[in-house]
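See structure below.
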Number of protein chains: 2
Amino acid sequence: MSTEVSSGLQALEGDVFDTNCPSRGVLEHVTSRWGVLVLAALGERELRFGELHRRIGGVSQKMLAQTLRALAADGFVDRTVIPAAPPQVSYRLTATGEQVAVHVVGLVGWIEQNLPAILAARDVEPATR
Amino acid sequence: MSTEVSSGLQALEGDVFDTNCPSRGVLEHVTSRWGVLVLAALGERELRFGELHRRIGGVSQKMLAQTLRALAADGFVDRTVIPAAPPQVSYRLTATGEQVAVHVVGLVGWIEQNLPAILAARDVEPATR
DNA sequence: TCCGATGGTTACCTCAAGGTACGTACTTTC
DNA sequence: GAAAGTACGTACCTTGAGGTAACCATCGGA
């Protein structure tokens, strides 16, 4: 479809198995401890800082701000400041962000749904050891 | 199909947004630095320890073994020892593991394909700041 | 006979992830 | 006028993730 080869010498795909490939960095932002949860939360709807903080259990303000900055730098999250009395800041996924979020939400959803089975399997199979 | 409700009082879904939910642990195993790559690698085919080590750039033996142990404990990876001269150990995804791997591979694949766009966006938008 | 490969384990050490606490600037509320 | 909420930034400190190196057991090959 959109695969214009144009005149590009570059625009090659990434390879996460290569230590030096920049995709490693992106992958680590997305799959970081709080990155996954931020993407999953924003996948539901746009949220303000405080709402995100309350929604994601256990995250500190510092780490939330830091994670949001990293995701914004990669172009996954859009930050909007509403200049009000106490300045309100809203976060939403960009078009690109929504695409990653689809995968992240899929993964998270699968884990949530299959959690009972996973936990059950943990106890049973000492035989394999 | 297989959705027997049985007599279960439990078997509830997980909630990753809850700090104390065990799904958090599973999620962190799966999305850990090396966990993602191991699942992605084994998503392609069964691999031996050394093959995995060579395939995943930058991983140490220690972390690879540790990651494999965690994924095996969660029932995502199956470990098979072939008692040969230098004992060979093979790793493959379980049925459950293949299901998570689908999501992980999807995510990783998306990042690899969209890497050029992501990197390009990084440089351009200093306006948003 | 010594080397190297296989698939680890263990001890040791380092650095960065991440938590706590406090500062900020402004406003509403009691 | 003091406290509380909003959205952070920063300094400080702890913990654990993760790297390095050495060791082990066995076998085939040079």
Side-chain angles (χ1 to χ4, degrees), chain A residues 16-20 24-39 41-42 46-74 77-92 128-129, chain B residues 16-20 24-39 41-42 46-74 77-92 128-129:
Chain A
V16 288
F17 293 114
D18 177 5
T19 324
N20 301 319
R24 274 282 179 91
V26 177
L27 182 63
E28 282 171 21
H29 289 162
V30 172
T31 62
S32 70
R33 183 169 182 194
W34 304 118
V36 189
L37 298 178
V38 165
L39 289 174
L42 293 181
E46 183 173 359
L47 289 168
R48 302 236 318 264
F49 187 86
E51 291 176 320
L52 271 170
H53 190 211
R54 267 170 258 123
R55 171 89 232 228
I56 301 174
V59 70
S60 65
Q61 289 190 328
K62 174 192 160 186
M63 288 315 297
L64 181 54
Q66 189 173 308
T67 303
L68 285 166
R69 249 181 287 141
L71 293 178
D74 283 341
V77 165
D78 198 26
R79 183 192 140 114
T80 312
V81 182
I82 302 160
Q88 299 179 351
V89 185
S90 210
Y91 294 93
R92 59 183 318 214
T128 320
R129 191 183 181 187
Chain B
V16 286
F17 293 114
D18 178 4
T19 323
N20 302 318
R24 274 284 179 90
V26 177
L27 182 63
E28 282 171 22
H29 289 162
V30 172
T31 63
S32 69
R33 183 168 182 194
W34 304 117
V36 188
L37 299 177
V38 165
L39 290 174
L42 293 181
E46 182 174 359
L47 290 167
R48 303 237 316 263
F49 187 86
E51 291 176 321
L52 270 170
H53 191 209
R54 267 170 258 124
R55 169 88 222 206
I56 301 175
V59 70
S60 65
Q61 289 191 327
K62 175 191 159 186
M63 288 314 298
L64 181 54
Q66 189 173 305
T67 303
L68 285 167
R69 252 181 283 139
L71 292 177
D74 284 340
V77 166
D78 199 26
R79 184 191 140 115
T80 313
V81 183
I82 301 158
Q88 301 180 349
V89 185
S90 209
Y91 294 92
R92 59 182 319 215
T128 322
R129 193 183 180 188

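FYI, side chains are in, hydrogens and waters are out, and symmetry mates aren't considered; it's all heavy atoms of this structure. In the text below, chain A, chain B and the rest are named by the order of the sequence lines, each starting its count at 1.
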**Report entry** Set of residues satisfying side-chain contact (heavy atoms from CB on, under 4.5 Å) with respect to V89(B), sequence neighbours excluded
**Finding:** R79(B), V81(B), Y91(B)

Query raised in the report: Between R69(B) and dT9(C), does any side-chain N or O lie under 4.0 Å from OP1 or OP2?
Result: yes

Requested in this report: Just jot down the salt bridge (charged side-chain N to carboxylate O under 4.0 Å, His left out) partners of R33(A), sequence neighbours excluded, or say none.
Outcome: E28(B)

Query raised in the report: With sequence neighbours excluded, what pairs up with S90(A) under the side chain to side chain donor-acceptor pair (under 3.5 Å) test?
Result: E46(A)

Query raised in the report: Could you state the interatomic distance from CG (L37(A)) to OG (S32(A)), rounded to the nearest 0.5 Å?
Result: 8.5 Å

Requested in this report: Grab the CZ-C1' distance between R24(A) and dG18(D) for me, whole Å please.
Outcome: 14 Å

**Report entry** Student check: side-chain heavy atoms of W34(B) and I56(B) closer than 4.5 Å
**Finding:** yes

Report summary line: Hits for side chain to side chain donor-acceptor pair (under 3.5 Å) against Q88(A), two or more places apart or cross-chain, chain-then-number order -> none

What's touching nucleotides 16-18 of chain C from the protein side, N or O pairs under 3.5 Å?
from: dG18(C); atom 1: N7; to: K62(A); atom 2: NZ; distance (Å): 3.0

Requested in this report: Would you indicate whether the side-chain heavy atoms of V36(B) and V30(B) approach each other to under 4.5 Å?
Outcome: no

Query - side chain to side chain donor-acceptor pair (under 3.5 Å) contacts in which one or both residues fall within residues 50-69 of chain A, not counting sequence neighbours - result: E44(A)-R55(A)

Can you tabulate the close N/O pairs, meaning under 3.5 Å, that link protein atoms to atoms of nucleotides 5-7 of chain C?
from: dT6(C); atom 1: O3'; to: R48(B); atom 2: NH2; distance (Å): 3.4
from: dG7(C); atom 1: OP1; to: R48(B); atom 2: NE; distance (Å): 2.8
from: dG7(C); atom 1: OP1; to: R48(B); atom 2: NH2; distance (Å): 3.2
from: dG7(C); atom 1: OP1; to: V89(B); atom 2: N; distance (Å): 3.2
from: dG7(C); atom 1: OP2; to: G50(B); atom 2: N; distance (Å): 3.2

**Report entry** Length of the CD-P vector between E28(B) and dG18(D), whole Å
**Finding:** 11 Å

